[in-house]
Each structure stands twice: as structure tokens, then as C-alpha cells.
Amino acid sequence: MSLSPHPPPNRDQIESMLLALLDGGQSRDEVDRWAAQWVTDPAGGGVEDADVWWALTQLHGIDLRHAKDGPYLHDDEQVRHWLHAFRARRPRAS
């Protein structure tokens with residue numbers, strides 16, 4: 001049973017969160033906490049889509065730095081790469 005008070009995000013919500021992270025609409029701390037509610041849930045937060053799970057595990061910890069005031073472990077270029085990779089995982093319309 002999931003401990004998250006929210007249903008798992010869908011692919012559109014993941015893409016929106018990646019874009020908000022890149023355009024400054026969401027802080028790294030906000031995105032980390034958002035993803036953590038599913039990633040830290042012992043039951044996986046009810047996430048069944050493997051691509052959504054992959055993206056959530058990338059976003060959880062996005063606020064970590066190399067050192068207290070150092071650069072982030074994953075810079076914006078890495079986030080753009082994740083966005084591109086996530087978009088590439090989307091099923092194509094037939």
C-alpha cells in the first residue's frame with residue numbers, strides 16, 4: 001500500500017516538472033521533495049510506469065551538491081539530457 005497522499009504522476013506531469021526545473025518555475029528543492037514522495041515510499045508510491053519511475057529517481061536528489069556551497073551534482077545540461085531521454089521514451093502515436 002502506498003504511503004503517498006497523491007496519485008503517481010503521469011508522463012505529462014513529469015515533463016512539466018523537468019521543464020519547470022529548467023526555466024526556474026520550480027526550485028531544485030521543490031522538485032526533489034515532489035519526487036521524494038513516491039521514490040521514498042516503500043511501496044513505490046503506486047508508480048507502475050517504468051519511464052515515470054526512471055524520471056522520478058533522476059529528480060529525487062536534484063538539489064544535491066558536490067560540497068555545501070559547490071555546484072550541483074547534476075547541472076542544467078544533465079537535466080536537459082534527461083528531458084530529451086524522457087521524451088524519446090514516449091510511445092509514438094500510430
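Values reported hereafter were calculated over all heavy atoms of this structure, with side chains retained and with hydrogens, waters and symmetry mates removed. Since we're looking at a predicted model, the values are computed, not measured.
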Sequence-distant partners of [X], salt bridge (Lys or Arg N to Asp or Glu O under 4.0 Å), two or more places apart:
| X | answer |
| --- | --- |
| Asp69 | none |
| Glu77 | Arg80 |
| Asp12 | Arg90 |
| Asp49 | Arg11 |

Of the non-hydrogen atoms in Trp34 and Met17, which two are nearest, and what is the gap between them? CD2-CE, 3.5 Å
Could you tell me which non-hydrogen atom of Pro9 sits nearest to which non-hydrogen atom of Val52, and how far apart they are? O-CG1, 3.6 Å
Test of understanding: clusters of I, L, V, M, F, W, Y form through side-chain heavy atoms closer than 4.5 Å, transitively. Do Leu19 and Leu21 belong to the same one? yes
Does Leu22 share a hydrophobic cluster with Ile14, counting links as ILVMFWY side-chain heavy atoms below 4.5 Å and allowing steps through other members? yes
Listed partners of [X] passing side chain to side chain contact (heavy atoms under 4.5 Å, CB included), at least two apart:
| X | value |
| --- | --- |
| Pro8 | Trp38, Val47 |
| Ala85 | Trp54 |
| Thr57 | Val39, Trp53 |

How long is the gap from [atom1] on [X] to [atom2] on [Y], to the nearest 0.5 Å?
| X | Y | atom1 | atom2 | answer |
| --- | --- | --- | --- | --- |
| His84 | Arg89 | NE2 | CZ | 11.5 Å |
| Asp23 | Asp76 | CG | CG | 10.5 Å |
| Leu56 | Gln13 | CG | CD | 10.0 Å |

Side-chain heavy-atom pair Leu73, Ile62 within 4.5 angstrom cut-off: no
Tell me every residue that passes side chain to side chain donor-acceptor pair (under 3.5 Å) with [X], counting only those two or more places apart in sequence or in another chain.
| X | value |
| --- | --- |
| Asp75 | none |
| His60 | Asp32 |
| Glu15 | Arg87 |
| Ser27 | Glu30 |

For Tyr72, which fellow cluster members are found when Ile, Leu, Val, Met, Phe, Trp and Tyr are connected by side-chain heavy-atom distances below 4.5 angstrom, either directly or through intermediates? none
Test side-chain contact (heavy atoms from CB on, under 4.5 Å) on His74 and Trp82; report intermediate values, then the result. CA-CA 10 Å; His74 303 287; Trp82 294 340; 3.6 Å; yes
Could you tell me whether Arg28 and Asp63 have a side-chain N and a carboxylate O separated by less than 4.0 Å? no
Side-chain donor or acceptor of Arg65 paired with backbone N/O of Gly70 under 3.5 Å: yes
